[in-house]
Structure formats: C-alpha cells, structure tokens
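Letters A, B, ... mirror the listed sequences (proteins, then strands); counts begin at 1. What you see below is based on every heavy atom in this structure, not just the backbone, and it leaves out hydrogens, waters and symmetry mates.
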Amino acid sequence: MNDILNQLNPPQREAVTATEGPVLVLAGAGSGKTRVLTYRIAYMLEEKNIAPWNILAITFTNKAANEMADRVEALVGAAANDMWVRTFHSACVRILRRDIERLGYGRNFNIIDADDQKSLVKECVRELRLSEDEFPHRSVLAEISRAKDGLYTPEEYCREFATEYRLSQVGRIYTLYQNKLRRSNDVDFDDLIMLTVRLFRECPDVLEYYRNKFKYILVDEYQDTNPAQNELIILLAGEHRNICVVGDDDQSIYKFRGADISNILEFEKAFPNAKVVRLEQNYRSTQNILDAANSVIKNNTGRKGKHLWTDGEKGENIQVYRANNDFDEADYIVKQIRSLAADGYRYGDIAVLFRAKSSSKVIEDCFMRAALPYRVLSGLRFYDRKEIRDMIAYLRLIKNPDDDVSLRRIINVPSRKIGKVTLDAINSMAAREGVSLYRAISGHLEDFKGGVAEFYTLIENLRSLVGTVPIDELVQRVYEDSGYEKSLEKDEKGQERAENIGELISGASHYTETVDEPNFDDYMDNLVLVSDVDNYDEDTDAVVMMTMHASKGLEFPVVFICGFDDGVFPSVKAIFDPEEIQEERRICYVAITRARQRLYLTGSHSRMVFGKTSVYKPSRFLNEIPEELYELTDAREEMHARAEQLRETMGAMMQKKEKKMPTATVTMSAEKPKPTGNVNLKAGDTVSHPKFGEGVIISAQPVGNDVHYKINFNGVGEKNLLGLYAKLTKIN
DNA sequence: CTCAGCTAGATTTTT
DNA sequence: TCTAGCTGAG
C-alpha cells in the first residue's frame, strides 16, 4: 500500500487518504483523476478495512464504471466485486427494481429511450389538439426532461407555470405524458433518478437502508450532475457525510442536458467543512498547451479556480491556420497530417475535433479523396439503429404487452398491412375501455383478421417462449418469426442490418454465458442502459474525428480543433448570451486539454453554411491566447501560392459530383448547374406546370436568389412552389 | 397502404 | 446545401 501512496503527488495523496467526511476534489484535466479515485477505493479497502459492500462509486458512463471497476480489481482483487460501481442510472434501476412498488409502479417496469419518448410526446401533443409547430417534440421533450432533472412533478410544474401560456401548455403535455408512461408501467431515463429521489423522500425506511449500506460514497464527474442527481447524493450521504466528489467546474459542458455547475460550486454549502483538494499538476500536455488552456479559461467568472502546470517541456508552438474557405481548411489538415505521419506519428495518434457534427462533412470528404484513414466517432450508436430498435420493441412488447409505445412501433414492421385506419380503431377501442392497445386487441379478437390477428398470434407464441428458451434463441426467434429477417432481403441496407441483428443475437448469447443468473428482465435493462460502451478502438490506426463534447476524457498526441471562428466556435447560438459563452469557453478548455504534444487551431475566412457562403472572423477565444504561444499562418497572404492547389481541389470535387465525365479537361467551372427554373414571374402571370396544369400566380415572394410562388391552378387549387425547382412555363 | 416528392429546419447528447 | 419527416397522389 505504501507503494501506492508513493506513486502519488501530495494533493493526490491527500485526496486518497481523506476517507472520512466530505471531500471535494477539483481535478484539472490530465491531473490523474482516475488514479486518485481507484487508489482511494483501494486505500479504503486495504488500509481502512472498509467493507466493499459499504462503498458506492457513481459515474456517468458505463465506460467509466467498467474502467474503474477493472482498475480497482487490479489493485485489490476479488473484493472489488462486492462494491457498487455503477452509473447513476443503473444504480437507480437496481434500487427501483427492489422497491418501486412503494410508489405504485410495478417492479417489472420498462425503461424507454429517447426515441420512444419522442413518439410519446408527439402522441400527447396531438391528443391535446395542440399545434405540432408550436410545440415541437424536440423542445417539449427538453422541457419535460429539464422539469424532471429539477425534480418538478407534473403537478408542481403546472402550478409553477400556470400563468405563462406556453409553459402551462407544456405542463399539460407533461401531465399526459407522465400518465401514459405510468399506465404502461414505463419509466424514462429521467424518471430513474427522480423516482429514486421520491422513493427516498417518501419512504424513510428505504432511505435508511441505503444510508446504512453505502457508508462511503464517491461520485465522478460531479460537475455534470443535475439537481435531481445532486439531491440523490445529498440524501444518501447527508447523514454519515462520507462523500467524496471528483470533478472540474471548468469541464462542465452539459448544461443543455440539465447539468448544473452550481452543484460543484456549492458543494461546500451542502456539506459544510468539506475538505477541498486541488489537482493542478498535469501529466498529459506540454506547458504551451496548458498555458493556452489556462489563459482561455481564466476569462470565465465564478470559477473555483485552478492553474494547470507540468514538470515537462514547453513543447512545440501551437499552430494556428486561417484558411480562405472551408475546403482549404480541410486541405490544410490533410497536408499537416501527411507531414506528421512523415515525422513518425501514427494516424491513430491524431484527433480532429469540431463543435458540431455538420462540420465534419467537408473534412471527411477531403480525407476520403486523400485516402487518409479516418473514423468518425459517435455517429449512430449501435442501439440507436432502426433494426436494433425494432427488435428491442418486439422484446419489450413480449416482456410487457401493455407497452403501447413499442406496439405502435412494430405492429406494422415488417408490413402486415396495418395502417392508420386500423390503428385508430384499436386506439379508440383501447381508450373506451381504458386498457392498453394489446389488451384491446386480445379482448376483441373476433373483430380482427389478417394482419392484426397474425400479429397477435406471433406475440403470444413468442411470449410463451420467455423463460423456456435461452435469451439469444428468443431474439433469434423474434427475428425469424416476425418476418423481419425475410423483409431485409428486399432492403438495400438489408445486408448491413442483418449483420447488426446478428451482433445483437451474439450479444445476447454472450450475456447468457457470462451472467450468473441470466434473466430476461435484467437483459433488457442492460440493453437500454448499456449503450455499446465505446466503439473507439485505439488499435486501429486511423485519424479520429469527433465533437469536442465526445472528446471529453480522452487524450491524443496531436489534436486539431477546426472551425475556430466566431459563429462556428463559439457557436452562433451562444454569441449573444454571456452564460452560453462561458459554456463554450469550457468546451474550448476541454478541447485544448485533449492534446498531449501538438495542437492545431484551424479556422477559415469564409465557409459554406446552409448553402450560403458567409464570412467569419477568428474565434474570440484565439484573442485570449497569448501570441507568443502560437504561430499564425494566414492563407489569404499565401493566396497566390495556393491558388493552383485550390483549383485542383475544386476541380476534383466537381468531378466527383458529376461522375459521368471520365477524364476530359478539368475546367474551372465552379458554377453549379444553372437551375432551370423560372424566377422572373410576377403575380398575375399565367403559367403551366407539368403536373398541375395551368394556373395563375397569386403572389411571388423572393427568398434568397429563389422566388416563392403561390399559384392557383385551375381545378387543383392553391399550391406553393419554388421558382428554381418547379417546372413552370409562362403562358402569354 | 405506400412511396415519391416537398418542406422546414439545421449545436452539443454520458443514460 | 442536405436530410428527415410529413403529405398527398396512386
């Protein structure tokens, strides 16, 4: 054990050995946070003889939880198995599975995911006869989610916002949404936390049980907790106060998901006399990179305050490049990577970070053309794929026939010729009798034949298999018997989809083989809560591209941060709000501190956004970095030198777009094919359209370089058409 | 019921 | 400009 302590620097050692009482560890980027957490647990077990089952370690991601569990096990061996090392959500599931009946839910509740939430909200909006334009599911869902993060029940929410029209309507949606969830015994991600808090508040004996059980609590990434999660921790640790939270207020970048930075800033209010430990020595980056990060983040207010430093070298200067346009920017990145490769870097050592996914496209194209190996991280997650979600919907319906959301999803997938009309009929039947859709069907079997009857038999048959066949076989049977397998034959993406389902099935057999007591309910929890950990495989030698958010917690020898322009990063959406700018600045801090040796910041004087070319100034964050830390290259000054290459790039792009021309001459026709449409028509003109026949223009509204026509066609009625695209001919 | 064609919208997303 | 999701014609 002394060995272990000797491997730590003084503040790290302090954080590890302060096992009693509240501790706040402010862990700067790259300061050995994970090491502190794992050593602390090892220290508690070995030196303090604390029983492993008295320890609760909470993380946000499964990846972090698994990593922590593995590392602790490596230090102390099997004792690690008796601890709870879990994500907030999976810890809550486990607690709720035991006692949720106290809140009137059934113990076999299903956990619905974002996609189901979306359709449920839509359904609610429609049922309440509200406009889907005014209450788009996206923002309503965010609103509901924030409400739950803030521990507002529907009733409290409605009361709170009764006087404000929009929010009071959202309150109605929230109420209906919650009722629907409850009726089908479903909970969403946010419910997992909120219901656990409710359970603790309403059932003191339950809270007492867990307070006794978890005498020592650790929370990782504390800056990312939302109010509900914070309350959960306060409830659990409030009595014994053996709570250690680790985080970095400067790395709080998930406000939009409900994370509340004040949880970490005000930790000492919740736990007076907390010991505060700062980990500021950095073991990752060069001093230049740290200086840049420090100088940016110091512009934020209300920080706990930290100053990163290293024993290591000053390192290379940061390279700043201002391109002429976004193609040129991508081109620069490719060229630099080539020369880095020549310097001995592996592609896998290099990461390209961007603020928004949309920025990746230009760069990807450029990499593709240059034949540089790359991967984009965090595209579609495995369990977000349509075919996987369809399979899961079947499984969920089998598990819980009252799960209307899942039923709607797959009753006609693959097609059983069950359309809106039939579904509406079932729906009103169910509403009339106050039962779920599936029960409505089973109660009126005589009324249904064909598709619906077929579907019912299918589900009943599959249901009878639960518990009698292994889970992987069950999944296989769903896949075959539902006709899904067959339907993929006609699907152009069928091959890939079949492979994904194959992976789901092998995942299921892996589960059956590795888990002590495999059971269907538990398998389903894992399916929803455990996304495919991380498809980031460090062994493949390819440049990684990802959002700055996704890069949190990772590190790379070389980092490119692209789109370093005001309006791109910081995002336009943040530019007028000082709070948002502070959040962007934290994102910037996170991004910069990913780099170990070399950092590139690239921007562009102009870029294509939404089809229009706009002009950009350098990111304001660049002004916050002292000039002596970087070398600036401005393409504008080298314009002439580069003009030739640029032309080639553009030429190659044009060629790629119009595959027809084999070789020909690469001309400089950057002009796109002229839109054939007619934009010179006026109100009153008579026109002819291939489909709608003749009509008279009622109005012509210019929209950009296009014109928006409202036309009254004879016998057809009013149509809205765009001049550039509609095939309109003027008739005199 | 299905599919083509149009429209509106277009940060970030650990669970 | 690109694309996901909705609408309306077959």
Original post:
Does A:Ser415 make a side-chain N or O approach to OP1 or OP2 of B:dT2 shorter than 4.0 Å?
Top reply: yes
Subject >> Lys/Arg cation over aromatic A:Phe256: A:Arg146, 6.0 Å, 45° cone >> reply: no
Subject >> Under-4.0 Å side-chain N/O to phosphate OP1/OP2 contact, A:Lys118 with C:dG5 >> reply: yes
Original post:
Rounding to the closest angstrom, what is the interatomic distance between C:dG5 and B:dT12 at atom P?
Top reply: 15 Å
Original post:
Among A:Asp116, A:Asp521, A:Asp186, which one satisfies salt bridge (charged side-chain N to carboxylate O under 4.0 Å, His left out) with A:Arg396?
Top reply: A:Asp116
Original post:
Can you name the one residue among A:Arg94, A:His89, A:Arg97 that meets side chain to side chain donor-acceptor pair (under 3.5 Å) with A:Asp525?
Top reply: A:Arg97
**OP:** Report which part of the nucleic acid A:Leu192 touches: base, sugar-phosphate, or nothing (heavy-atom distance under 4.0 Å, all strands).
**Re:** nothing
Subject >> Chi angles and distances behind the ring pair (Phe, Tyr, Trp, His ring centres under 6.0 Å) call for A:Phe455, A:Phe448 >> reply: CA-CA 10 Å; A:Phe455 177 73; A:Phe448 297 108; over 10 Å; no
**OP:** Pick base, sugar-phosphate or nothing for A:Gln117, based on heavy-atom distances below 4.0 Å to the nucleic acid.
**Re:** nothing
Original post:
What is the nucleic acid contact for A:Thr59, judged by heavy atoms within less than 4.0 Å: base, sugar-phosphate only, or nothing?
Top reply: nothing
Original post:
How is A:Arg138 classified with respect to the nucleic acid when contacts are heavy atoms under 4.0 Å: base, sugar-phosphate, or nothing?
Top reply: base
Original post:
Within the pair A:Thr547 and B:dT13, is there a side-chain N or O less than 4.0 Å away from OP1 or OP2?
Top reply: yes
**OP:** Would you mind classifying the nucleic acid contact of A:Asp224 as base, sugar-phosphate or nothing, using non-hydrogen atoms under 4.0 angstrom?
**Re:** base
**OP:** Tell me whether the OP1 or OP2 atom of B:dT2 has a side-chain N or O from A:Asn412 closer than 4.0 Å.
**Re:** yes
Original post:
Which residue lies toward the 5' end of DNA chain B, A:Val421 or A:Glu584, if each is placed at its nearest nucleotide?
Top reply: A:Val421
Original post:
Out of A:Asp249, A:Asn263, A:Asp248, A:Asn230, which residue meets the side chain to side chain donor-acceptor pair (under 3.5 Å) rule with A:Tyr222?
Top reply: A:Asn230
Original post:
Within the structure, does a side-chain N or O atom of A:Lys361 lie under 4.0 Å from either OP1 or OP2 of C:dT1?
Top reply: no
**OP:** Could you check whether A:Lys417 gets within reach of a base, just the sugar-phosphate, or nothing at all, counting any heavy atom under 4.0 Å?
**Re:** sugar-phosphate
**OP:** Round to the nearest Å and state the distance from A:Glu580 atom CD to B:dT12 atom C1'.
**Re:** 10 Å
Subject >> Side-chain N or O of A:Lys63 closer than 4.0 Å to phosphate OP1/OP2 of B:dT15 >> reply: no
**OP:** Tell me whether the OP1 or OP2 atom of B:dT15 has a side-chain N or O from A:Asn62 closer than 4.0 Å.
**Re:** yes
Original post:
Side chain of A:Arg355, base of B:dT11: donor and acceptor closer than 3.5 Å?
Top reply: no
Subject >> Nucleotide nearest A:Thr422 when distance is taken to its side chain, options B:dT13, B:dC1, B:dA10 >> reply: B:dC1
**OP:** Using a heavy-atom cut-off of under 4.0 Å over every strand shown, decide if A:Phe88 touches base, sugar-phosphate, or nothing.
**Re:** nothing
Subject >> hbond_proxy A:Arg257 side chain to B:dT15 base (donor-acceptor, 3.5 Å cutoff) >> reply: yes
Subject >> Between C:dC2 (C1') and A:Phe610 (CZ): distance, integer Å >> reply: 10 Å
Original post:
Is A:Phe256 stacked on the base of B:dT12 when the test is centres under 5.5 angstrom and planes under 30 degrees?
Top reply: yes
